[in-house]
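First the structure, in the form of structure tokens, and then the observations on it.
Chain A is the first sequence line, chain B the second, and so forth, proteins listed ahead of strands; every chain is numbered from 1.
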Amino acid sequence: MSNRKYYLTTPIYYVNAAPHIGHAYTTIAAETIARLKRMQGYDVVLTSGTDEHGTKVERAAKAKGKTPKEYADIISADFQSTWKKLELQIDRFQRTTNENHARIVNELFERCLANGYIYKGTYTGLYAVVSEAFVNDAKPGDLDPETGKPYEEVTEENYFFKLSAFTERLLEYYEANPNFIRPDFRKNEVVAFVKQGLVDLSITRTSITWGIPVNHDPKHVFYVWFDALTTYMSAVDGEGRWPADLHLIGKEILRFHAVFWPAFLMAAGWELPKEVFAHGWLLFENDKMSKTRGNIVRPAPISETMGVDALRYFLLREIVFGQDGSFSFDALVGRYNSDLANGLGNLASRTLSMIQQYRGGVVPDAECDAAIGEAVTGGTAAALDAYEKFEFSRALEAIWNIISVVDKFIVERAPWKLAKDPHAQRKLDETLLTSAEALRVVTALVSPALPHAAQAIWRQLGFNEPVAALRTDALAWGSALAGQKIAEIKGVFPRLDLKPTVEKMQELEIVEKNRQAEMMGVPKTAEVAAAPVYIDIDDFTRVDLRVGQVKSAEPVKGADKLLHLKVDIGEAEPRTIVAGIALAYKPEQLIGRKVVIVANLAPRKLRGITSQGMIVAASLEGGAPVLAAFLEDVPVGARLK
RNA sequence: GCCGGUGUAGCUCAGGUGGUUAGAGCGACGGUCUCAUAAUCCGUAGGUCGGAGGUUCAACUCCUCCCGCCGGCACCA
């Protein structure tokens, strides 16, 4: 075994959502990299895990009548069983509720404290429960766009991390380590963000009980990111593996990994991870997947119907790694049939069958065709190069290019004709050996991406050692296949009919969705039941809602979303109202229109204009507001009660 | 609004530093072989290379402006 080590991580997944294809995407990519690095001779550890603390979990658990830990146990187990179903080899699965984790988090805190980067302060602010963050810009009474409920006002004593002290050091670090953040365009975004200057970070809470206690001051528990990021260290506690070589993450959590995490580590005097790679999002037919849209795809129905390698192949081949990609069931089956069934599967099938028929199942001894050898060698180099850069789609493209060359070669040689010609037996041997050798290399080459199919073909080629045990030297052209007895031939990627296959997956999808909903306790209704925000009639009448008519409307300079409105609500002068509806309404659509106004909202300056009220609109997922309106005609100034 | 990216055949995309008829894969259509999973292989598909200007002997490739889309920030929520 080599002493070269490679440690990579998936994110730890938050247990307020059930496993979906997005989680699977990250984990599959990470596992592919792990296999690749093993092939390159590294001693690899891949970790994943679950993030289990916080208010949201506390509430979801309560709604289900469980303790937070019981609840987290269930969801965490579901993540683990999902990875098992997808046959993903995860070496360590770390939970934020594991005991060794609390110790490391506290150690991180103590070191930061000792080094003067943590101080105690108080914070009064509005707290968004869903995103578990204080909201800086909101005012009392504002609604959380994610829940539609008011922010909660919280005053508490917190420990703060002096993130502001790291602005320069981080920028220097990015500069000195150009590969720390990938892809490049993401690095630029992070640099731009940091350059604006960083604000200190509250890292503990006293208002929450479901979290890791701060030993230094047990009234406090740790804030989500201070807690969660540290799993990357606690997962390999005592193994001498830190620092990690790679954190593979989705783009939505890049800031935490590329700014907060390195700052924490610098403060503690610990080593930083070598690289943070943020991949893009998986869209469903070009739309964002979301609970409200109801278009979330789960991995299990796909793997059960088409096999885990079909899912792996689609994700790695169809999507340019790093960019957003689009998933659809049709494209999934299309890729499967054209590339896996007709391409790799068929090449294996025809090559092995011919050896079986013409040579009794023994690979003949002959010379390999030199031109094919060159093509395979060149393709192998191209694939390895792309793999190394995590350009999976290119790597697979290069491999499929080899497959195409070999298919052409077989047709040109026409072994079925050679077989009938007693004078062409040597040429037939050459053809069969060359094809088999190419199949051998191709199989080894795809094995990080398609481990199970590769293993099946590998066995059929007559090898007993697992394909996963191969090292890159096995990719060299011309190794001794001659004389090898092949095993029983069995198609690895049977062709699938588009329609029934998609229908089957969609049926299973519904079953899986229901199962998950049951497991989660149907969070939507549960949440309302758990935390009803009642107001009495007096509270309501404090809100002065009036019918107004838009007199004028114009865009606000320097803002995409704002319109500057003058609204007549029956007062001497029309009100000036700045509303964030410019993306949904053109000024001319609004003039003359009756709208509902909150007349007694405290004035607020927006982009230099003082807004004397707020316009009432339905807030939809995805942003576009829809103005409240009346079916009957109503006079300007009328009060809503 | 600022910063970055992007817009090439039905779909997904290649096309360093400008130069003969703009490419690939998939899909579609036609043909072929029969070892193979109605697979393979061969051929065809004629797309104003987002729009308008400009530089140049010559621009998909350089410059300017405009339009669309994506991302980050601001802003909104």
Side-chain angles (χ1 to χ4, degrees), chain A residues 128 135 137-139 142-146 148 151 183-196 251-252 254-255 278 280-281 283 286 317-320 322-326 328 330-331 334-358 393-394 396-397 400-401 403-420 428 431-432 435 489-497 555-563 578-584 604 606-608 611 614-615 617 619-625:
Chain A
V135 184
D137 305 332
K139 295 168 57 61
D142 279 358
L143 300 182
D144 183 337
E146 294 202 43
Y151 291 119
D184 246 32
F185 64 96
R186 293 284 168 214
K187 180 177 90 175
N188 297 339
E189 288 173 9
V190 171
V191 168
F193 172 76
V194 173
K195 273 188 177 159
Q196 295 180 145
K251 65 181 182 181
E252 72 283 1
L254 177 60
R255 187 175 300 170
W281 279 347
L283 308 174
N286 294 318
R317 172 61 239 261
E318 184 84 0
I319 298 161
V320 177
Q323 315 222 286
D324 289 354
S326 189
S328 80
D330 283 6
R335 273 286 175 201
Y336 176 93
N337 278 332
S338 66
D339 293 3
L340 295 178
N342 299 351
L344 178 58
N346 186 241
L347 178 65
S349 173
R350 70 194 308 202
T351 302
L352 293 163
S353 293
M354 286 190 287
I355 291 167
Q356 186 64 50
Q357 284 179 43
Y358 303 141
S393 55
R394 291 212 174 198
L396 292 170
E397 220 178 310
W400 257 255
N401 194 38
I403 291 173
S404 165
V405 166
V406 178
D407 270 332
K408 281 184 181 61
F409 168 74
I410 291 173
V411 168
E412 275 166 24
R413 290 291 185 101
W416 46 94
K417 285 180 185 161
L418 301 177
K420 293 174 189 157
L428 176 59
T431 306
L432 295 178
S435 305
I489 303 164
K490 195 160 176 260
V492 280
F493 294 114
R495 215 183 143 75
L496 298 170
D497 280 334
V556 174
K557 225 171 33 178
D560 298 346
K561 297 187 184 173
L562 298 182
L563 286 183
V578 180
I581 57 173
L583 297 180
R604 185 176 179 202
L606 299 169
R607 282 268 144 186
S611 182
M614 179 176 121
I615 198 158
S619 175
L620 304 179
E621 171 80 11

Residues in salt bridge (charged side-chain N to carboxylate O under 4.0 Å, His left out) with A/Arg317, at least two apart?
A/Glu397

Salt bridge (charged side-chain N to carboxylate O under 4.0 Å, His left out) contacts in which one or both residues fall within residues 338-347 of chain A, not counting sequence neighbours:
A/Arg335-A/Asp339

Separation of A/Arg413 CZ from A/Leu432 CG (nearest 0.5 Å):
10.0 Å

Need one value for A/Ala192: base, sugar-phosphate or nothing, where a base atom within 4.0 Å counts as base even if backbone is also close, heavy atoms only.
nothing

Can you check the distance between B/rC11 and B/rG51, where both ends of the measurement are the P atom (answer in whole Å)?
15 Å

Between A/Val320 and A/Val190, who's closer to the 5' end of RNA chain B by nearest nucleotide?
A/Val320

Given B/rC35, B/rU37, B/rG71, which nucleotide is nearest the side-chain atoms of A/Ser349?
B/rU37

Please determine, for the side chain of A/Ser338, which listed nucleotide (B/rU40, B/rG27, B/rU34) has the closest atom?
B/rG27

Please tell me which of the listed nucleotides, B/rA74, B/rG72, B/rA39, lies nearest to the side chain of A/Glu189?
B/rG72

Of the candidates B/rU37, B/rU34, B/rU40, the side chain of A/Arg350 sits closest to B/rU40

Whole-angstrom distance between B/rG50 and B/rU56, as gauged at atom C1':
23 Å

What's the shortest heavy-atom distance between A/Leu344 and A/Trp400, and which atoms?
CB-CZ2, 3.7 Å

A/Ala278 and A/Leu254 have their tightest heavy-atom pair at CB-CD1, 4.1 Å

Work out how far the C1' atom of B/rC33 is from that of B/rG43, and round it to whole angstrom.
15 Å

By a strict heavy-atom criterion of less than 4.0 Å, which residues belonging to residues 407-415 of chain A are in contact with RNA chain B?
A/Asp407, A/Lys408, A/Val411

One should read off an interatomic distance between A/Gln323 CD and A/Lys251 NZ, to the nearest 0.5 angstrom, of 9.5 Å

Taking B/rA9 as the reference, what is the distance to B/rA22 when you measure between their P atoms (whole Å, please)?
14 Å

Considering every strand and a 4.0 Å limit on heavy-atom distances, what is the contact class for A/Arg255: base, sugar-phosphate, or nothing?
sugar-phosphate

Kindly point out which of B/rG71, B/rU37, B/rU34 is positioned nearest to the side chain of A/Arg186?
B/rG71

Could you pull out the closest heavy-atom pair between A/Gly322 and A/Phe185, with the gap in Å?
O-CZ, 4.0 Å

When you match A/Asp324 and A/Ser353 each to their closest nucleotide on RNA chain B, which lands nearer the 5' end?
A/Ser353

What interatomic distance, in whole Å, is found between P of B/rG30 and the corresponding atom of B/rG18?
45 Å

Distance-minimising heavy-atom pair for A/Gly345 and A/Val492:
CA-CG2, 4.0 Å

For the student: nearest non-hydrogen atoms of A/Trp281 and A/Glu252, plus distance
NE1-OE1, 2.7 Å

What pairs meet the side-chain hydrogen bond (donor to acceptor under 3.5 Å, both in side chains) rule with one or both residues in residues 346-357 of chain A, with sequence neighbours excluded?
A/Arg350-A/Asp407

Reckon A/Phe493 touches a base, only the sugar-phosphate, or nothing at all at heavy-atom distances under 4.0 Å?
base

Roughly how many Å apart are B/rC57 and B/rA52, using the C1' atom of each and rounding to a whole number?
23 Å

For A/Asp330, which residues count as a salt bridge (charged side-chain N to carboxylate O under 4.0 Å, His left out) partner, sequence neighbours excluded?
none

Roughly how many Å apart are B/rC66 and B/rC3, using the P atom of each and rounding to a whole number?
12 Å

Within the structure shown, what part of the strands sits under 4.0 Å from A/Glu318 by heavy-atom distance: base, sugar-phosphate, or nothing?
nothing

Dot-bracket assigned to RNA chain B with the 3.5 Å Watson-Crick/G-U criterion, [ ] for crossing and | for other-strand pairs, is (((((((..((((.....[...)))).((((.........)))).....(((((..]....))))))))))))....

Which nucleotide in the set B/rC35, B/rA39, B/rA14 lies at the smallest distance from any side-chain heavy atom of A/Gln357?
B/rC35

Strictly below 4.0 Å: does A/Arg394 bring a side-chain N or O up to OP1 or OP2 of B/rA14?
no

Looking only at B/rC73, B/rG15, B/rA39, the nucleotide nearest the A/Asn342 side chain is B/rA39

